[in-house]
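Take a look at the structure set out below.
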2 protein chains.
Amino acid sequence: MSPRDSTAATRQALLDAAREEFAAHGVAGARVDRIAERAGVNKERIYGHFGNKEKLFDAVVVEALDDLTSQISLPGADPVDYVSRLAEYYRTHPDLVRLLMWEALNYRGQDLLPGQETRVQRCARKNEALAEGLGREPSQDTARLLFVLTGLALLPSMLPQLARIMLGSDHDPARMRQFVADFAGMALGPREQAGVEG
Amino acid sequence: MSPRDSTAATRQALLDAAREEFAAHGVAGARVDRIAERAGVNKERIYGHFGNKEKLFDAVVVEALDDLTSQISLPGADPVDYVSRLAEYYRTHPDLVRLLMWEALNYRGQDLLPGQETRVQRCARKNEALAEGLGREPSQDTARLLFVLTGLALLPSMLPQLARIMLGSDHDPARMRQFVADFAGMALGPREQAGVEG
DNA sequence: TTGGATGCCAACCAACTAGTTGGTAGCACT
DNA sequence: AGTGCTACCAACTAGTTGGTTGGCATCCAA
């Protein structure tokens, strides 16, 4: 491995290890030593590459969200399908959901952090796509709809214990995702789609 | 103050201080010293009254949920109203929402903790009330509906930053809550209610 | 009055933490 | 061969952490 490759590999190993650690324990609970150990490199490298623990966390979140963006296409004419796809992505990427929750808990009330412009723009694009799919103009109302659809997709992965408390520990997560998507479909008005079976 | 009253007051002061601290920083981030200082008692009292940091956290959550239960009546014939009331309660008790999020992040995948039976029973009662209100039998489907309704009410308080990113930092939270309730109303079928004003 | 709980606290401690430092090994260019 | 540079690491540090201990004050029962 050339030194450049080695550097990049070290950095990526740290990001991967950090994603696990942060997803599991959050920023405060994460241990820098554990991250370094899991990555198989010296912990000083964290400071060399990322500056400090929090910046490493930010880098992890950015990477995870970039991944989501690259894999989930914009909402189109069928918002229910969008909810389904999102929910499925969250289900298969529980780390991301947990990272977002830790992040949501960390910055409270503050103004948007620098570096959030990317996210704002991405959401604006989603809002435009959603509005176009509905044959409407992008507005606060379509943005609110986008928020609720995104939230609905998140719910089952965000609150698995609540689901267990309400449905029993042997409930079927796949049915829950189906239910959530159907719920969105019902709210969006009478269109053609599979009814709630069962 | 009699010693008993004093003891009870000490205990309550600790609970109140702990609620703030835990809501703000979570279990890992909370500092036992800060809790004791805010409560105006020695930190050893935490161990005398609650055993350790985690048990104190559990006690805080139990108290907060008892409070919610005592103030929010069961869902009835109008589930949309239930969502509204819940959302309003969460808005005025952001500490509870954050506590629930920290808790959700802490215990992952595990079986239900001892002491959760109370919660299971409460949810079962809500499910029965919801089903009765809809003129249905309690089932997994009505439980899923309860989950989604609860989740919808939680969303705006759980993800305020996402709302800011999607709607701008000057958006109106009251409108968001209205939107969420209306959304639930639309999904629950054509009934009489205020339309989404735009 | 006295003896024993009980609530409380100041001071303490061992373990752990994020972050730093001084130095080494390997590469690139001259 | 010599020089500078970069990625890397072992060892260290200064500060913090959850939890403990020994003793003091107050109350109540006998």
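A note on names: the letters A, B, ... follow the listed sequences, proteins ahead of strands, and every chain is numbered from 1.
- Atom CD of E128(A) sits about 10.0 Å away from atom CD of E137(A), to the nearest 0.5 Å.
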Checklist line | R144(A) vs S139(A), side-chain hydrogen bond (donor to acceptor under 3.5 Å, both in side chains): CA-CA, chis, key distance, verdict | finding: CA-CA 9 Å; R144(A) 275 188 277 264; S139(A) 68; over 6 Å; no
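- The aromatic rings of W102(A) and W102(B) lie tilted to each other, with the angle between the two planes from 30° to 60°.
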Show me, pair by pair, the donor-acceptor contacts under 3.5 angstrom made by side chains of residues 29-37 of chain A, not counting sequence neighbours?
unit_1 : atom_1 : unit_2 : atom_2 : d
R31(A) : NH1    : A28(A) : O      : 3.2
D33(A) : OD1    : K43(A) : NZ     : 3.2
R34(A) : NE     : E21(A) : OE1    : 3.3
R34(A) : NE     : E21(A) : OE2    : 2.7
R34(A) : NH2    : E21(A) : OE2    : 2.8
R34(A) : NH2    : G29(A) : O      : 3.3

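- The shortest distance between the side-chain N/O atoms of H49(B) and the OP1/OP2 oxygens of dG7(C) is not below 4.0 Å.
- Listed by first and then second residue, the salt bridge (charged side-chain N to carboxylate O under 4.0 Å, His left out) pairs involving residues 90-100 of chain B are E88(B)-R91(B) (not counting sequence neighbours).
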Item checked: Letter per nucleotide, 5' to 3', of nucleotides 16-22 of chain D [B base touched, S only sugar-phosphate touched, - untouched; heavy atoms, 4.0 Å] -> -SBBBB-
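- In this structure the side chain of L86(B) never reaches within 4.5 angstrom of the side chain of L154(B), judged on heavy atoms.
- For T142(B), the side-chain hydrogen bond (donor to acceptor under 3.5 Å, both in side chains) test picks out N127(B), with sequence neighbours left out.
- Distance CZ (R45(A)) to P (dC9(D)): 8 Å, rounded to an integer number of Å.
- Within a heavy-atom distance below 4.0 Å of DNA chain C, no residue of residues 13-21 of chain A is found.
- For the OP1/OP2 pair of dG7(C) and a distance below 4.0 Å, the side-chain nitrogens and oxygens of T10(B) include no atom meeting the criterion.
- To the nearest angstrom, P of dG7(C) lies 13 Å from CZ of F50(B).
- Going from atom CD of E37(B) over to atom P of dA11(C) covers 15 Å, rounded to whole Å.
- For residues 66-100 of chain A, every residue pair satisfying the ring pair (Phe, Tyr, Trp, His ring centres under 6.0 Å) rule, not counting sequence neighbours, is listed here: Y89(A)-H93(A).
- In this structure, I46(B) atom CD1 and dC8(C) atom P are separated by 12 Å, rounded to whole Å.
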